[in-house]
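Worksheet for the structure shown next.
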Amino acid sequence: MSASPMSQSPTRAAASGDSVIHDLGYQHYTGPREGEAGARRALFWQGVRAMFGIGRPLKAKAIPVFVAIVTMLPGLGSLVASGASQGQLPVLYGTIIEPQLVLFLLFQAAQGPELLSRDQAHRVLPLFLTRQVTRTQYALTRWLSLWCATLVIVLLPLLLMWIGEIGIAKDPGTAFTKIAPKIGPVLALATLCSWVYAGLGGFFASLSPRRAYATAAVIGVFLVSAAIGAGLREFAGMNYYVSAYIDPMDGLRLVARLLFAEPSRGMELNVPPPLWHFVLVQLGLGAAGIGGIVWRARRMDV
């Protein structure tokens with residue numbers, strides 16, 4: 001049966017047997033083809049936006065905003081106290097950032113599943129893989145989004161203290177010369193913290209398509225490692241610094257104090273191993289997490 005003239009006159013049509021294909025007038029894409037790099041770039045920025053709840057309802061932004069504000073308050077208080085005492089009370093970066101490590105974990109546990117867990121729940125992985133993105137590239141791009149978003153959150157309170165310490169000085173020019181070298185430890189600590197949280201947090205968030213389970217897994221692995229470290233110290237008499245190799249958060253606390261040369265009383269009485277020991281352990285933990293994310297991406301159902 002041939003197509004009627006009425007079906008062919010308004011729009012162009014091609015008939016084949018009983019089928020008629022109508023041209024509805026949609027425009028074809030004529031822009032540049034960005035290829036594989038463009039696909040990865042789009043995936044990366046979508047991940048960063050998701051981590052901060054950009055483009056989503058207000059409740060999706062609650063945790064990032066909460067963590068960013070609360071982690072900056074102790075540093076702001078320290079700057080006010082230091083300014084009021086005319087520098088008699090120093091700004092202690094490692095001491096102030098130490099308790100904030102729990103809040104950085106909260107950010108990772110709440111927002112990390114937005115990427116790796118939600119992709120599985122909504123079964124959008126086939127869409128990504130049709131855009132010249134392999135499973136390994138998908139995994140590494142998602143991890144990079146996690147790492148960059150966490151780096152921003154960790155860096156905010158440290159940069160606030162670094163800039164503020166210069167600003168409250170009587171002579172900012174002289175203070176800058178003295179305080180400027182601290183930018184190295186600031187960047188190093190932020191990079192290492194985000195490396196560990198994004199690696200381990202991303203891997204455990206990817207293990208379940210259900211967000212609640214993924215969040216519990218991220219928090220659970222850090223709590224369990226802390227409990228194991230504490231148990232080994234209490235019941236097996238293990239040295240604190242050795243148990244810190246097992247507990248990532250304890251390791252990061254020691255790195256923070258050693259980087260800024262702010263030893264606690266216990267560290268003065270019991271000298272810790274060199275800084276690079278703890279840095280290597282943290283780098284290894286983060287690298288293991290990245291490997292786990294890649295492994296998990298290769299096993300995801302599509």
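- For Lys178, the NZ atom counts as loosely surrounded, since its 6.0 Å shell holds 12 or fewer non-hydrogen atoms of other residues, nucleotides or ligands.
- Leu285 has its side chain out of reach of Trp195: every pair of non-hydrogen atoms, C-beta onward, lies at least 4.5 Å apart.
- Shown here is Glu268, whose CD atom has more than 12 heavy atoms of other residues, nucleotides or ligands within 6.0 Å.
- Between Gly75 and Ile96 the shortest heavy-atom distance is N-CG2, 3.9 Å.
- For Asp250 and Tyr240, the side-chain atoms include at least one donor-acceptor pair closer than 3.5 Å.
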Verdict with reasoning, Arg142 to Leu146, per side chain to side chain contact (heavy atoms under 4.5 Å, CB included): CA-CA 6 Å; Arg142 279 309 199 201; Leu146 288 170; 5.7 Å; no
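- Here the closest non-hydrogen pair linking Arg56 and Lys61 is O-NZ, 2.5 Å.
- Residues Leu79 and Leu89 do not share a hydrophobic cluster, clusters being chains of Ile/Leu/Val/Met/Phe/Trp/Tyr side chains in contact below 4.5 Å.
- Checking side-chain atoms of Gln137 against main-chain N and O of Thr134 turns up a donor-acceptor pair under 3.5 Å.
- Remark: Ile293 CD1 to Trp143 CH2 distance equals 8.5 Å, nearest 0.5 Å.
- Transitive grouping of hydrophobic side chains (ILVMFWY, heavy atoms separated by less than 4.5 Å) keeps Val48 and Val65 in distinct clusters.
- To the nearest 0.5 Å, the span separating CZ on Phe52 from CD1 on Ile63 amounts to 13.0 Å.
- Residues passing the ring pair (Phe, Tyr, Trp, His ring centres under 6.0 Å) test with Tyr93, sequence neighbours excluded: Phe260.
- By the 6.0 Å contact criterion, CG on Leu58 is open, its count of non-hydrogen atoms from other residues, nucleotides or ligands being 12 or less.
- Checked against a 6.0 Å centroid threshold, the rings of Phe222 and Tyr197 count as neighbours.
- Side-chain contact check for Met161 versus Met72: every heavy-atom pair is 4.5 Å or farther apart.
- At a threshold of 4.5 Å between non-hydrogen side-chain atoms, the residues Trp45 and Ser145 do not count as touching.
- Counting all heavy atoms, side chain and backbone alike, Ala50 lies closest to Leu115 at CB-CD1, 3.9 Å.
- In this structure, the side chain of Ser206 engages the main chain of Phe203 through a donor-acceptor pair within 3.5 Å.
- Taking both residues in full, the closest heavy atoms of Leu101 and Cys193 are given as CD2-SG, 3.9 Å, listed atom of the first, atom of the second, then distance.
- Between Thr215 and Pro113, the shortest heavy-atom contact is OG1-CG, 3.6 Å.
- Transitive grouping of hydrophobic side chains (ILVMFWY, heavy atoms separated by less than 4.5 Å) brings Val102 and Val152 into a common cluster.
- When all heavy atoms of Ala244 and Phe278 are compared, the closest pair comes out as CB-CE2, 4.3 Å.
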Given Ser82 and Ile168, is the side chain to side chain contact (heavy atoms under 4.5 Å, CB included) satisfied, shown in steps? CA-CA 8 Å; Ser82 181; Ile168 63 175; 3.7 Å; yes
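- Side-chain contact of Ser264 with Arg257: a donor-acceptor pair under 3.5 Å is absent, judged by distance alone.
- Leu73 and Leu105 are members of different hydrophobic clusters when ILVMFWY side chains are connected at heavy-atom separations under 4.5 Å.
- When atom types are taken as modelled, the side chain of Glu262 and the backbone of Thr95 share a donor-acceptor pair closer than 3.5 angstrom.
- With contacts defined as side-chain heavy-atom distances shorter than 4.5 Å, the pair Leu155/Val186 qualifies.
- In this structure, CG in Leu258 is found 11.5 Å from NE2 in His277, a value given to the nearest 0.5 Å.
- Looking at heavy atoms from C-beta onward, Val133 lies out of side-chain contact with Thr141 at the 4.5 angstrom threshold.
- With 3.5 Å as the limit, one finds no donor-acceptor pair spanning the side chains of Arg41 and Gln46.
- Geometrically, Arg210 engages Tyr213 in a cation-pi contact, judged by NZ or CZ lying under 6.0 Å from the ring centre and within 45° of the ring axis.
- At distances below 3.5 Å, not a single donor-acceptor pair connects side-chain atoms of Ser117 with backbone N or O atoms of Ala214.
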Given side chain to side chain contact (heavy atoms under 4.5 Å, CB included), test Asn270 with Asn239 step by step and report yes or no. CA-CA 10 Å; Asn270 184 14; Asn239 183 280; 3.8 Å; yes
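- Side-chain contact of Arg296 with Gln120: a donor-acceptor pair under 3.5 Å is present, judged by distance alone.
- Counting heavy atoms from C-beta outward, Met267 and Tyr241 have side chains that approach closer than 4.5 Å.
- One finds the CZ atom of Phe104 at 10.0 Å from the OG atom of Ser194 (value rounded to the nearest 0.5 Å).
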Before you tell me yes or no, could you show the steps for Arg299 and Arg135 under side chain to side chain contact (heavy atoms under 4.5 Å, CB included), namely the whole-Å CA-CA distance, both residues' side-chain angles and the distance that decides it to 0.1 Å? CA-CA 9 Å; Arg299 296 177 60 88; Arg135 287 176 179 263; over 6 Å; no
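- Separating the OG1 atom in Thr71 from the CD1 atom in Ile69 is a distance of 9.0 Å, to the nearest 0.5 Å.
- For the atom pair CE (Met249) and CG (Leu223), the distance works out to 8.0 Å, reported to the nearest 0.5 Å.
- Residues Leu140 and Leu43 share a hydrophobic cluster, clusters being chains of Ile/Leu/Val/Met/Phe/Trp/Tyr side chains in contact below 4.5 Å.
- No side-chain heavy atom of Leu103 sits under 4.5 Å from any side-chain heavy atom of Ile153.
- Looking only at side-chain heavy atoms (C-beta outward), Trp162 and Val91 stay at 4.5 Å or farther from each other.
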